[in-house]
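Accompanying notes for the structure given below.
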Protein chains: 2
Amino acid sequence: MDDHGQVKGGDETRERVLLAAQKLFAERGFESVSLRNITTEALANVAAVNYHFGSKDGLIDEVIGHHMIPVMKERMRLLDEAENKYRIGLVPVEVILDAFMRPFLTVIQDGGEGRDLFCRFMGRCMSERGDRMPDEVMRSAQRVMKRITVMLSDVLPDVESEVLVWRLHFCFGAMAHTLIHEAGLKVLSKGQSGDPDFETTLQRMIDYCKGGLSAGGSVLTDRSGGQGEFLF
Amino acid sequence: MDDHGQVKGGDETRERVLLAAQKLFAERGFESVSLRNITTEALANVAAVNYHFGSKDGLIDEVIGHHMIPVMKERMRLLDEAENKYRIGLVPVEVILDAFMRPFLTVIQDGGEGRDLFCRFMGRCMSERGDRMPDEVMRSAQRVMKRITVMLSDVLPDVESEVLVWRLHFCFGAMAHTLIHEAGLKVLSKGQSGDPDFETTLQRMIDYCKGGLSAGGSVLTDRSGGQGEFLF
DNA sequence: GGTTGTTTGAATCACTTGTTTGATGCGGTT
DNA sequence: AACCGCATCAAACAAGTGATTCAAACAACC
């Protein structure tokens with residue numbers, strides 16, 4: 001599963017286009033990147049996109065699925081791991097959040113720039129493509145979210161379920177925004193000794209989201225269901 | 001100030017274009033809306049945009065400034081009010097957050113759909129135009145952010161300053177994401193008795209952000225300055 | 001009246017968008 | 001050899017992009 005050593009020599013072009021698309025989408029968003037931008041970056045012909053992916057939307061779906069599905073699987077795996085470890089009691093909030101966010105760092109094996117682009121791409125997916133994702137991604141995202149919502153409402157019984165859904169939504173916003181603009185932020189908060197690395201940022205985000213999720217809020221309006229229905 | 005009864009009869013077109021642009025930008029983002037989309041919606045000619053605003057970017061700047069500057073002023077006013085009220089002690093976190101977020105609801109006098117669009121537009125500004133805003137907006141935003149950062153670090157002395165900057169950034173993300181997708185969210189969390197109104201959502205966001213800002217985090221790496229340098 | 005400066009409108013500019021075409025080269029099979 | 005399926009390419013497609021032109025309409029002033 002290492003993406004080299006094709007059988008029929010041919011479609012390495014496909015991979016180059018996929019990679020270039022991911023990079024440009026991450027940097028400038030889905031709408032702002034043209035097929036010519038992509039194929040130029042990939043040293044390929046414009047027609048290659050429509051040949052391999054049918055359309056620009058087909059390409060977008062492919063790129064999203066290619067990166068999103070492993071993330072969802074890894075989330076599920078980490079949630080399994082957590083529930084195994086804490087079989088006796090409840091899984092702590094920070095562990096659930098970690099299972100949700102860490103895959104951004106671990107699914108991509110490349111460190112440095114590759115991971116940077118990957119994170120920004122994930123942020124773009126969440127904020128620009130939260131709806132209209134490919135079906136398979138939609139389904140697995142649905143499963144993950146349902147599970148996380150249940151686990152969270154177990155450890156946070158004092159938080160009303162509708163409030164919890166909103167707070168989870170706030171977490172998404174914080175995440176998406178950070179993933180997209182982290183590179184820019186790191187430049188701004190230039191400590192002399194070094195920028196915070198991914199692990200530090202992840203930890204800060206988990207701390208923040210944990211605090212927000214379990215805040216001693218007071219707003220109780222009407223109660224209703226609706227858990228695990230939004231996905232990104 | 002009611003948008004009718006112009007002096008020189010002429011530039012009501014300008015206002016119509018401005019309004020249509022705001023609406024479409026709010027709904028679909030800055031990049032995805034063309035001048036023709038706007039002028040069609042505004043029942044105006046394409047040339048009107050370049051005549052009144054010089055270019056598409058000029059129009060975008062105008063729309064942003066037109067809505068953003070009053071928000072900044074109102075934020076400043078509310079911060080003044082808060083510092084007057086709490087002259088003896090420190091201004092509580094939730095009051096600072098309220099001063100930051102409430103202008104989204106109060107600056108626009110129209111309730112209902114107008115406010116809805118206004119909020120989404122603000123979200124777009126934060127997430128798609130955080131950089132490259134018009135100069136005047138940039139400056140007043142800088143002042144607001146510097147002030148809020150100082151006030152927050154006063155009430156939250158236990159939170160290291162660099163951590164605080166990151167947490168404030170997380171708050172922005174949560175806000176921006178919510179402003180853009182609130183309409184969609186309200187549909188999802190459909191309680192039988194009624195959707196949460198703006199005031200409820202605002203309160204939930206403040207609760208969440210307060211919890212996140214004042215979380216008992218533990219990550220302390222290197223310390224450095226950099227407060228009040230990012231703006232949206 | 002005539003002249004001014006401002007605002008509209010249809011037409012057009014050069015350019016980019018996503019998509020399609022038809023020709024070309026290639027390796028593998030019969 | 002001829003044939004096939006597949007991948008690539010330059011070229012063109014129609015539609016849409018932001019921007020510009022120039023004539024007409026307009027109000028206001030001398």
Side-chain angles (χ1 to χ4, degrees), chain A residues 3-66 124 128-129 132-134, chain B residues 3-66 124 128-129 132-134:
Chain A
D3 282 355
H4 62 275
Q6 302 294 337
V7 178
K8 35 177 165 170
D11 54 12
E12 72 194 22
T13 304
R14 198 188 135 95
E15 305 298 323
R16 283 205 317 277
V17 171
L18 229 37
L19 198 65
Q22 180 226 347
K23 174 183 172 184
L24 294 180
F25 287 155
E27 288 173 343
R28 302 171 12 206
F30 292 98
E31 308 277 355
S32 317
V33 178
S34 75
L35 292 188
R36 267 135 185 125
N37 294 149
I38 296 172
T39 51
T40 300
E41 170 89 20
L43 299 176
N45 192 282
V46 210
V49 171
N50 287 278
Y51 176 75
H52 285 288
F53 308 100
S55 67
K56 186 186 182 182
D57 269 304
L59 169 62
I60 293 179
D61 279 0
E62 186 85 12
V63 183
I64 292 180
H66 184 67
R124 299 279 184 196
E128 299 174 17
R129 283 271 164 166
R132 60 195 163 126
M133 289 233 180
Chain B
D3 281 353
H4 61 275
Q6 300 296 337
V7 177
K8 35 179 170 171
D11 55 11
E12 72 196 19
T13 304
R14 196 187 138 98
E15 304 299 322
R16 283 205 316 277
V17 171
L18 229 35
L19 197 65
Q22 180 225 349
K23 174 182 173 185
L24 295 180
F25 287 154
E27 288 173 344
R28 306 177 0 214
F30 294 97
E31 307 277 356
S32 317
V33 177
S34 74
L35 292 188
R36 262 107 182 156
N37 295 149
I38 296 172
T39 51
T40 300
E41 171 90 19
L43 301 176
N45 192 281
V46 212
V49 172
N50 287 279
Y51 174 75
H52 285 287
F53 308 100
S55 67
K56 187 186 182 182
D57 269 304
L59 169 62
I60 293 179
D61 279 0
E62 186 85 10
V63 183
I64 292 180
H66 183 68
R124 299 279 183 198
E128 298 175 17
R129 283 269 163 166
R132 61 196 162 126
M133 289 233 179

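A note on names: the letters A, B, ... follow the listed sequences, proteins ahead of strands, and every chain is numbered from 1. No hydrogens, no waters, no symmetry mates; every other heavy atom, side chains included, goes into these values. No experiment lies behind these values; they were computed from the predicted model shown.
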Look for any protein N or O under 3.5 Å of an N or O in nucleotides 12-14 of chain C and output each such pair with its distance, or none.
none

Only pairs at least two apart or in different chains count here, so list each ring-ring contact (aromatic ring centres under 6.0 Å, His included) that has a residue in residues 37-64 of chain B.
-> none
Rounded to the nearest angstrom, tell me the gap between atom NZ in A/Lys56 and atom P in C/dG18.
-> 4 Å
May I ask you to evaluate whether B/Thr13 reaches the phosphate of C/dT8, defined as a side-chain N or O under 4.0 Å from OP1 or OP2?
-> yes
Give the B/S/- string for nucleotides 20-25 of chain D, one per nucleotide from 5' to 3', where a protein heavy atom under 4.0 Å of the base yields B, of only the sugar-phosphate yields S, and otherwise -.
-> BB----
For DNA chain C, what residues of residues 18-35 of chain A have any heavy atom nearer than 4.0 Å?
-> A/Val33, A/Ser34, A/Leu35
Spacing of A/Arg16 atom CZ and A/Thr39 atom OG1 [to the nearest 0.5 Å] = 11.0 Å
Residue pair A/Arg124 / A/Ala26: nearest heavy atoms and the distance that separates them | NE-O, 3.1 Å
Can you check whether A/His52 has a side-chain N or O nearer than 4.0 Å to OP1 or OP2 of D/dC6?
-> no
Integer-rounded Å distance: D/dT17 C1' and B/Ile38 CD1 | 12 Å
In residues 55-62 of chain A, what donor-acceptor pairs under 3.5 Å come from side-chain atoms, sequence neighbours left out?
residue: A/Ser55; atom: OG; partner: A/Asp57; partner atom: N; Å: 3.4
residue: A/Ser55; atom: OG; partner: A/Gly58; partner atom: N; Å: 3.1
residue: A/Lys56; atom: NZ; partner: A/Val33; partner atom: O; Å: 2.8
residue: A/Asp57; atom: OD1; partner: A/Arg129; partner atom: NH2; Å: 3.4
residue: A/Glu62; atom: OE2; partner: A/Arg14; partner atom: NH2; Å: 2.5

Would a 4.5 Å heavy-atom cut-off, applied to side chains only, mark A/Asn50 and A/Leu35 as touching?
-> yes
Residues 17-30 of chain A vs side chain to side chain donor-acceptor pair (under 3.5 Å), sequence neighbours excluded, gives A/Lys23-A/Glu41, A/Arg28-A/Asn37
In whole Å, what is the span from the CG atom of A/Asn37 to the C1' atom of C/dT16?
-> 10 Å
Heavy atoms only: give me the nearest B/Val63-B/Ala21 pair and the separation to one decimal.
-> CG2-CB, 4.0 Å
Report the distance from atom CG of A/Leu18 to atom OG1 of A/Thr13, rounding to the nearest 0.5 Å.
-> 12.0 Å
Are the side chain of B/Glu128 and the backbone N or O of B/Gly29 linked by a donor-acceptor pair below 3.5 Å?
-> no
Scanning both residues in full, the closest heavy-atom pair of A/Gly65 with A/Pro134 reads N-CG, 4.3 Å
When rounded to whole Å, the CD to C1' distance for the pair B/Glu12 and D/dC26 reads 13 Å
